[in-house]
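If you're wondering where the values come from, they're calculated on a predicted model, not measured in any experiment.
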Amino acid sequence: MDKLDRYRSLIQKILEEYQQLGSGNSDVESVLLLDPKSEHYLLIKMGWHQDNRINCNVLHVRLKDGKIWIEEDRTEDGIATDLLQAGVSREDIVLAFHPPRLRQFTEFATA
C-alpha cells in the first residue's frame, strides 16, 4: 500500500471513529463525507437544538501534494494527535487552519 492509500484509509478510519462518538443529541446527526476523487474528507454535524439549526464542519481533512492538510478541526484533542499516534510524520501534516505566515511556528509542515 503506498503512502497516499495508507493516508486515505487512516483518515477514513479516524473520521469513522469520531462519527461513532455522536453528539448526545438525537436531533443532531453526524454525517461523514468521503471523496477520494477530490481528496476531501469531512465530518459534519447537522440537525436541530431546540429552534436553532446545527450545521457545522467538525473535521475537514484533505490530501494535497502528498501531505495531510487539516483544514478544520473542532475536536477536543485534535486529529493531528491521532495521525501522529498512527505513525504519520509531522512533516506530512499541515495545520491549514493556521495562516501560512504562522505555520512556521508550529511543529508541523508549513505546506
Side-chain angles (χ1 to χ4, degrees):
M1 179 183 294
D2 77 0
K3 184 171 91 170
L4 290 181
D5 285 339
R6 180 175 161 260
Y7 286 174
R8 278 185 206 99
S9 296
L10 180 60
I11 290 167
Q12 181 174 340
K13 177 181 173 284
I14 291 171
L15 267 59
E16 287 173 345
E17 290 171 0
Y18 278 109
Q19 182 186 26
Q20 295 302 316
L21 294 176
S23 68
N25 178 346
S26 62
D27 294 328
V28 176
E29 181 180 1
S30 295
V31 178
L32 188 56
L33 303 171
L34 307 172
D35 185 356
K37 189 172 182 177
S38 68
E39 302 287 17
H40 285 267
Y41 307 89
L42 286 97
L43 176 64
I44 63 174
K45 292 208 183 263
M46 51 194 280
W48 291 93
H49 176 71
Q50 298 170 345
D51 288 336
N52 298 313
R53 178 73 176 151
I54 306 293
N55 189 346
C56 98
N57 289 341
V58 177
L59 283 165
H60 178 190
V61 179
R62 67 179 173 148
L63 293 176
K64 178 181 171 186
D65 301 329
K67 296 180 181 177
I68 299 172
W69 290 60
I70 302 172
E71 300 287 342
E72 181 85 40
D73 186 350
R74 295 176 186 252
T75 63
E76 190 169 316
D77 294 330
I79 192 171
T81 301
D82 299 303
L83 294 168
L84 290 170
Q85 289 174 348
V88 176
S89 72
R90 293 181 188 281
E91 294 78 26
D92 280 353
I93 299 171
V94 178
L95 301 181
F97 53 83
H98 287 308
R101 66 180 175 79
L102 297 179
R103 290 182 200 152
Q104 64 182 315
F105 302 112
T106 72
E107 54 196 30
F108 295 94
T110 56

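In this structure, L102 shares a hydrophobic cluster with F105, the cluster being traced through Ile, Leu, Val, Met, Phe, Trp and Tyr side chains under 4.5 angstrom apart. The hydrophobic cluster containing W48, built from Ile/Leu/Val/Met/Phe/Trp/Tyr side-chain heavy atoms closer than 4.5 Å, comprises no other residue. Chaining together hydrophobic side chains whose heavy atoms lie under 4.5 Å apart places I44 alongside V31, L33, L42, M46.
Heavy atoms only, all atoms of each residue included: S30 and K45 are closest at OG-NZ, 2.9 Å. In this structure, L63 and L4 approach most closely via the heavy-atom pair CD1-O, 4.0 Å. For the pair R6 and A86, the tightest heavy-atom approach, listed with the atom from each and the gap, is NH2-O, 3.0 Å. Across every non-hydrogen atom of I93 and A80, the tightest pair is CD1-O, 4.3 Å.
Sorted by first and then second residue, the side chain to side chain donor-acceptor pair (under 3.5 Å) pairs with a member in residues 100-111 read R90-E107; sequence neighbours excluded. Pairs engaging residues 49-89 under the ring-ring contact (aromatic ring centres under 6.0 Å, His included) rule: H40-H60 [sequence neighbours left out].
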Candidate pair F108 and E91, rule side chain to side chain contact (heavy atoms under 4.5 Å, CB included), full reasoning: CA-CA 6 Å; F108 295 94; E91 294 78 26; over 6 Å; no
Side chain to side chain contact (heavy atoms under 4.5 Å, CB included) evaluation trace for Q12 with R8: CA-CA 6 Å; Q12 181 174 340; R8 278 185 206 99; over 6 Å; no
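Residue I79 holds its CD1 atom at 8.0 Å from CD1 of I68, rounded to the nearest 0.5 Å. Within the model, atoms CD of E76 and OH of Y18 stand 9.0 Å from one another, a figure rounded to the nearest 0.5 Å. For the atom pair L34 CG and E39 CD, the distance stands at 11.0 Å (nearest 0.5 Å).
Of the possible polar contacts, none joining the E29 side chain to the G47 backbone as a donor-acceptor pair under 3.5 Å is found.
A heavy-atom distance below 4.5 Å is found between the side chains of L15 and L59.
A donor and an acceptor atom, one from each side chain of Q20 and E16, are nowhere located under 3.5 Å apart.
Between R62 and D35 no salt bridge is recorded (no basic side-chain N to carboxylate O distance below 4.0 Å).
Under the ring pair (Phe, Tyr, Trp, His ring centres under 6.0 Å) criterion, H98 pairs with no residue, sequence neighbours left out.
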